Amino acid sequence: MLTIYNTLTKKKESFKPLNPPFVGIYVCGPTVYDDPHLGHAKSYVSFDIIVRFLRASGYRVRYVQNITDVGHLLGETNEGEDRILKKAQLEHLEPVEIAQKYERHYFRDMDALNLERPDISSRATGHIPEMIELIQVLLDKGYAYEVHGNIYFEVSTFSEYGKLSGRKVEDMISGTRIDAMSEKRHPADFALWKKADPEHLMQWNSPWGKGFPGWHLECSVMAQKYLGETIDIHGGGLDNQFPHHECEIAQSEAANGKPFVRYFMHNNMVTLNSQKMSKSLGNFITLTDLFDRYGPMTVRFFILQGHYRSPQDFSDTALEAASKGFNKLRDTVINLKKHVDDGYKSEKQVSGQCAVFRTQFFDAMNNDFSTATALSVLFDLSRFANSAMSGDDLESINYALALFEELGEEILGLQFAKQGDRVEDSAEDALMEIIISMRQKVRAEKNWKEADRIRDLLAVKGISILDGVEGSTWKKAVKN
RNA sequence: GGCGGCGUAGCCAAGUGGUAAGGCAGAGGUCUGCAAAACCUUUAUUCAGCGGUUCGAAUCCGCUCGCCGCCUCCA
């Protein structure tokens, strides 16, 4: 039985979707105005695992993620400027070019991390009419008001405002950072629609004049459009809990009179060398930069070693340790693939010790997606598999490989052997066989100097020769 | 100021009432020409500190110290 920590109730709860076996999940996607960074990796890897595990548990999942290509306002008073616009001016490109360029970068990096793409990636700019409709509903029902072409949600009309983040509207009046001098009736009221200056590059017609949508509207609209008025799971980064998700709840529940979300899930934040990583501090590193030093699978593995609700610190020592740990599993899987007979078929029916491992793995994942514990099962499985290979225990070898494929590859999304790896490269294989057999001759002559020289030369090229009792094998150093 | 979180071995990190997973690093061993890999053994009488509840606490409660997040765009 799957239990999920629900941020709405601050408790672990049994997961019961509204209409089983269907599960609707909405995860806040990126604002596409810059390259993806470490924080995106943690967040989207976490929800990728969640989606994969739900599917492995038999649920029919529809996974929706937005692409924010409108851009949020830089500040309450800074009308007309948003981050995409700012970037567009900086790079001398159309806002749409900026959005599409960084959307491509986003998918490029997420693909590298082996994330399954959302079933629906919906762009905010494609849903302006629906947003206008929702605003109209809120106006008609008295939850919103218009001032000079701007529409605001009136927080005081929605009594449950604050139920997600635990904030009280009264407390927010004294908040020093909220501009008390604005045209809003209450400082906590938030914009649904903003009037655009004539020179503003992104603007749309609306019943209230030309403008653009407010910060939180797109998620309410797209979640409802594709998943219905009540969705099973809504995910996102902890930093979005307030105000973003709080405002989504207010908009959606005020408009529909129904619970918006059954389970809210928030992943925790990432730090870099123990420091907060943020765009405003400018110390974030992009995934492209990170992948130059550590492969995407190392990054994915590293994220899985922590818990999605715990903060995670990226450092070189931690990533190097993760790289070695992942390599250990990877070596085991590659060796298993070499050991299985031709009749191998991936099967999910395993017995004996492997069945125990499988149960342990599912127990861990059922407990609010405890990937770190699940990974520890894979290390136990690795030890079991290596022993089985020493003993030529073919049945265990087959079961172990089947488990690695199901648990490691399908559910955790770890690519142990990528395409192009040497297991599938017959030319490279043939060459290495020749080199090894030649070296085997000098070894037979006990010419250790020459044997070591060959080994060292290959090592420089990233190829390791492993001499065993039954001859030598080799492996290529890969950046995971 | 308001709200919330965290502090577990040299490092990373699970565990949230029943007697400390796992990875990396370290030590010893088997194997090996050597090396590597693999396997075996080993590495926290103890979970920031101090009190309390309990038959029993890293896990619950209180206080103290330290660190962090949100309250402004952020995953």
Side-chain angles (χ1 to χ4, degrees), chain A residues 10 12 27-31 33-34 36-47 68 71-76 78 82-83 162 165-168 170-172 174-179 188 215 235-244 266-271 274-281 284 301-302 305-307 309-315 317-329 331-332 335 360 364 367 370-380 382-383 385-387 389-391 443 446-448 451-452 455-456 459 464-469 472-473 475:
Chain A
K10 307 210 187 304
K12 278 189 193 176
V27 174
C28 284
T31 303
Y33 73 104
D34 210 346
H37 54 70
L38 291 183
H40 294 107
K42 167 134 176 133
S43 189
Y44 299 121
V45 166
S46 297
F47 286 104
T68 300
H72 293 161
L73 294 173
L74 282 168
E76 282 280 321
N78 195 355
D82 69 40
R83 289 173 293 151
S165 55
R167 282 160 218 270
K168 293 184 175 64
E170 310 89 71
D171 295 341
M172 286 187 281
S174 56
T176 50
R177 301 203 192 177
I178 292 177
D179 177 15
W215 308 8
L238 197 56
D239 53 340
N240 272 332
Q241 189 178 34
F242 187 89
H244 185 55
H266 292 97
N267 65 277
N268 215 312
M269 313 301 280
V270 152
T271 54
S274 308
Q275 262 206 323
K276 183 200 174 186
M277 193 191 69
S278 79
K279 289 172 186 175
S280 53
L281 287 179
F284 66 99
F301 176 87
F302 176 66
Q305 275 196 308
H307 189 89
R309 279 192 288 116
S310 299
Q312 195 159 31
D313 186 51
F314 278 70
S315 65
T317 49
L319 281 164
E320 274 158 22
S323 175
K324 287 178 184 168
F326 177 69
N327 252 319
K328 188 172 178 169
L329 294 181
D331 282 351
T332 301
N335 287 331
Q360 288 172 339
N367 181 16
S370 299
T371 51
T373 305
L375 268 185
S376 77
V377 176
L378 289 193
F379 280 98
D380 290 340
S382 174
R383 190 169 299 117
N386 283 319
S387 299
M389 285 188 280
S390 308
R443 289 188 76 218
K446 297 200 189 302
N447 184 353
W448 307 124
D452 289 351
R455 190 169 63 190
D456 292 346
S464 307
I465 297 289
L466 314 172
D467 295 326
V469 193
S472 304
T473 55
K475 68 173 182 178

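Everything quoted here is computed from the prediction, not taken from an experiment. Sequence lines set the chain letters: A, B, ... in the order given, protein chains first and strands last, and positions in each chain run from 1.
- Between A:Lys475 atom NZ and B:A35 atom C1' there is a gap of 13 Å when expressed in whole angstrom units.
- Rounded to an integer number of Å, the gap from A:Lys324 NZ to B:A38 P is 12 Å.
- Remark: the separation of the C1' atoms in B:G52 and B:U43 is 34 Å, to the nearest Å.
- Side-chain contact between A:Ile465 and A:Asp467: present, with at least one pair of heavy atoms (C-beta onward) separated by less than 4.5 Å.
- Of the candidates B:C39, B:A36, B:A75, B:A75 carries the atom nearest the A:Asn267 side chain, counting heavy atoms from C-beta on.
- B:A37: no Watson-Crick or G-U partner with both key distances under 3.5 Å is found in any strand.
- Residue A:Lys10 qualifies as enclosed at atom NZ: its count of foreign heavy atoms under 6.0 Å is above 12.
- Annotation: B:U42 and B:A9 have their C1' atoms spaced 14 Å apart (nearest Å).
- No donor-acceptor contact under 3.5 angstrom links the side chains of A:Asn268 and A:Ser310, judged on distance only.
- Under the Watson-Crick or G-U wobble criterion, with both distances below 3.5 Å, B:U46 is left unpaired in every strand shown.
- The aromatic rings of A:His40 and A:His37 lie tilted to each other, with the angle between the two planes from 30° to 60°.
- Annotation: side chain of A:Arg455 is in contact with side chain of A:Asp452 (closest heavy-atom distance under 4.5 Å).
- Mapped onto RNA chain B by nearest heavy atom, A:Phe379 and A:Ile465 fall at different nucleotides, with A:Phe379 at the one closer to the 5' end.
- Under the 4.5 Å side-chain criterion, counting only non-hydrogen atoms from C-beta, A:Ser464 is in contact with A:Lys475.
- Nucleotides B:U8 and B:A21, compared at atom C1', are 12 Å apart to the nearest Å.
- With rounding to whole Å, A:Met269 atom CE is found 10 Å from B:G69 atom P.
- B:C67 and B:G26 have their P atoms separated by 32 Å, with the value rounded to a whole Å.
- The partner of B:C70 is B:G2, judged by Watson-Crick or G-U wobble contacts that both fall below 3.5 Å.
- B:C47 and B:A20 have their P atoms separated by 12 Å, given to the nearest Å.
- Between B:G4 and B:C40, the distance separating the two P atoms is 47 Å to the nearest Å.
- In this entry the distance linking CG of A:Leu375 with C1' of B:G23 reads 9 Å, nearest Å.
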Going 5' to 3' through nucleotides 4-21 of chain B and flagging B where a protein heavy-atom sits under 4.0 Å of the base, S where only the sugar-phosphate is that close, and - otherwise, we get --------SSSS-----B
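- Residue contacts for A:Gly39: at a heavy-atom cut-off of 4.0 Å it reaches a base atom on one of the strands shown.
- Here the side chains of A:Phe301 and A:Leu329 are in contact, with some heavy-atom distance below 4.5 Å.
- For the P atoms, the distance linking B:C11 with B:A25 amounts to 16 Å, nearest Å.
- A:Leu466 comes within 4.0 angstrom of a nucleotide base, judged by non-hydrogen atoms across all strands.
- Minimum atom distance to the side chain of A:Arg167 is reached by B:C70, of the listed B:C70, B:A75, B:A38.
- Across the protein-nucleic acid pair, A:Asn335 atom CG and B:A38 atom C1' stand 9 Å apart, rounded to whole Å.
- Using a 4.0 Å heavy-atom criterion, one finds that A:Val270 contacts the bases of the nucleic acid, with or without backbone contacts as well.
- Here A:Tyr44 lies in heavy-atom contact (under 4.0 Å) with sugar-phosphate atoms only.
- Nucleotide B:G23 holds its C1' atom 13 Å from the CG atom of A:Asn327, rounded to whole Å.
- Between A:Phe326 and A:Phe302, a ring centre-to-centre spacing not shorter than 6.0 Å is recorded.
- With contacts defined as side-chain heavy-atom distances shorter than 4.5 Å, the pair A:Val270/A:Phe314 qualifies.
- Residue A:Arg383 contributes atom CZ, which lies 9 Å from atom C1' of B:C39 at whole-angstrom precision.
- When both distances must be under 3.5 Å, the Watson-Crick or G-U wobble mate of B:C24 is B:G10.
- Using modelled atom types, no side-chain atom of A:Asn240 and backbone atom of A:Gly236 make a donor-acceptor pair closer than 3.5 Å.
- By the 4.5 Å heavy-atom criterion applied to side chains, A:Thr332 and A:Asn386 are counted as neighbours.
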Give me, pair by pair, the N or O atoms of the protein and of nucleotides 31-33 of chain B that are less than 3.5 Å apart, along with how far apart they are.
from, atom 1, to, atom 2, distance (Å)
B:G33, N7, A:Arg443, NH2, 3.3
B:G33, N1, A:Asp452, OD1, 3.0
B:G33, N2, A:Asp452, OD2, 2.8

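- Between the P atom of B:C74 and the OH atom of A:Tyr33 lies a distance of 8 Å, rounded to the nearest Å.
- Nucleotides B:G18 and B:G23 have their C1' atoms positioned 27 Å apart, rounded to a whole Å.
- Looking at A:Asn335 and A:Met389, their side chains come closer than 4.5 Å, going by heavy atoms from C-beta outward.
- If you check every strand for non-hydrogen atoms under 4.0 Å, A:Leu38 touches nothing.
- In this structure, B:U16 makes no Watson-Crick or G-U wobble pair, since no nucleotide meets both defining distances under 3.5 angstrom.
- Pair assignment for B:U54: none, as no Watson-Crick or G-U wobble contacts are both less than 3.5 Å.
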